[in-house]
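Both counts, for ligands and for their atoms, begin at 1 and track the order of listing.
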Amino acid sequence: MKLAGKTALITGAGSGMGRASAMLFAKEGASVIVVDVDEASARETARCIQTEGGRALAFRADVSSSEDAEAMVAAALANFGPPDVLFNNAGIEGEGGFLAQLSEQAFDRVIAVNLRGVWLGMKHALPHMIRNGGGSIINTASIAGMVAIRGSAAYCAAKAGVIALTRVGAAEYGRYNIRVNCICPGAIDTPMVERLNTSGGLSKQQTARLSVFGRVGSPMEIARMALFLASDDSSFASGAPFIIDGGWTVT
Ligand code: NAP
């Protein structure tokens, strides 16, 4: 098992890639703090893990709130010990619309959850990881942080910010044996993409054609990358954006 005896905190773990990663990390021996703003979905993920014999605790937190982010780390400490792995995965797609049409509230909310939320998770977990002798931080960025997606200005800006935060975190905390990497997924089959497909964005077929394989990725394909980054298999990797986009950005 690749994460035996480790404590892993995963945000946005009530759905999509976060849930798949929580299930996989638990199967690999981690005790998982399943964090989501939707308590019921966090509980459901934790229940699935426990049913399979794993260790999990559901915790409700809004990652954009400093108090909540501090409390989720405290819950990890109190129940399973300091986090060895922090997976800042929670994110929202926000409202669609060209940038001049975006409301200030919509812009601010996407930045608050997708960028500030990642920073807050790191801010509150890092002191404990330092005291614990190291750890692995994984942030969910996106291909949207690298290429322009029309109608998603705030989302693209937030994800580019996550890539930058990842680099700075890696540079600042490498001396403490803490690795910081991010994952840049392409289109993945989760409720987020389903919502985009039904809200006037790209159709399912158009989304699938973004990949050279003509399909969207599965949450488990991202979870396996997250497991690589969480485990010692990636012991020399830090500060890097790991693209897993089915070839979208090579075409
Ligand atoms: P998802 O199925 O919508 O899962 C995201 C989870 O995060 C949901 O359970 C959501 O709860 C939760 N969440 C939202 N706001 C939160 C907050 N403020 N605090 C804590 N939890 C919050 O989406 P997903 O596709 O798995 O997305 C996971 C990550 O991948 C996101 O960062 C997303 O931007 C990124 N991503 C997705 C794709 C893709 O194609 N799916 C591609 C690139 C990057 P609610 O459902 O209650 O809002």
Exercise. Output the list of atoms in ligand 1 that are nearer than 4.0 Å to some heavy atom of D62, sorted by atom number.
Key: 17 (C), 18 (N), 19 (N)

Quiz item: For atom 28 (C) of ligand 1, which of N89, T11, V37 has the closest heavy atom?
Solution: N89

Quiz item: Using the ring of each side chain (for Trp, its six-membered ring), is F242 parallel, tilted or perpendicular to F228, with breaks at 30° and 60°?
Solution: perpendicular

Quiz item: Can you tell me which residue and heavy atom of the protein come closest to atom 8 (C) of ligand 1, and the distance to 0.1 Å?
Solution: D36 OD2, 3.6 Å

Quiz item: Which pair of non-hydrogen atoms, one from I183 and one from M225, has the smallest distance, and what is that distance?
Solution: CD1-CG, 3.8 Å

Self-check item: Proximity flag G117 to ligand 1, non-hydrogen atoms under 4.0 Å
Solution: no

Quiz item: Against heavy atoms of V193, which atoms of ligand 1 measure under 4.0 Å?
Solution: 39 (C), 40 (O), 41 (N)

Practice problem: Check the surroundings of atom CZ in R150: do more than 12 heavy atoms from other residues, nucleotides or ligands lie under 6.0 Å from it? | Solution: no

Self-check item: Closest to atom 5 (C) of ligand 1 among G91, S64, C184 (heavy-atom distance)
Solution: G91

Exercise. Please state whether K159 comes within less than 4.0 angstrom of ligand 1, counting heavy atoms only.
Key: yes

Self-check item: Closest candidate by heavy atom, reference atom 6 (C) of ligand 1, pool A141, S142, G12
Solution: G12

Quiz item: Under 3.5 Å, is there a donor-acceptor pair between the S21 and N89 side chains?
Solution: no

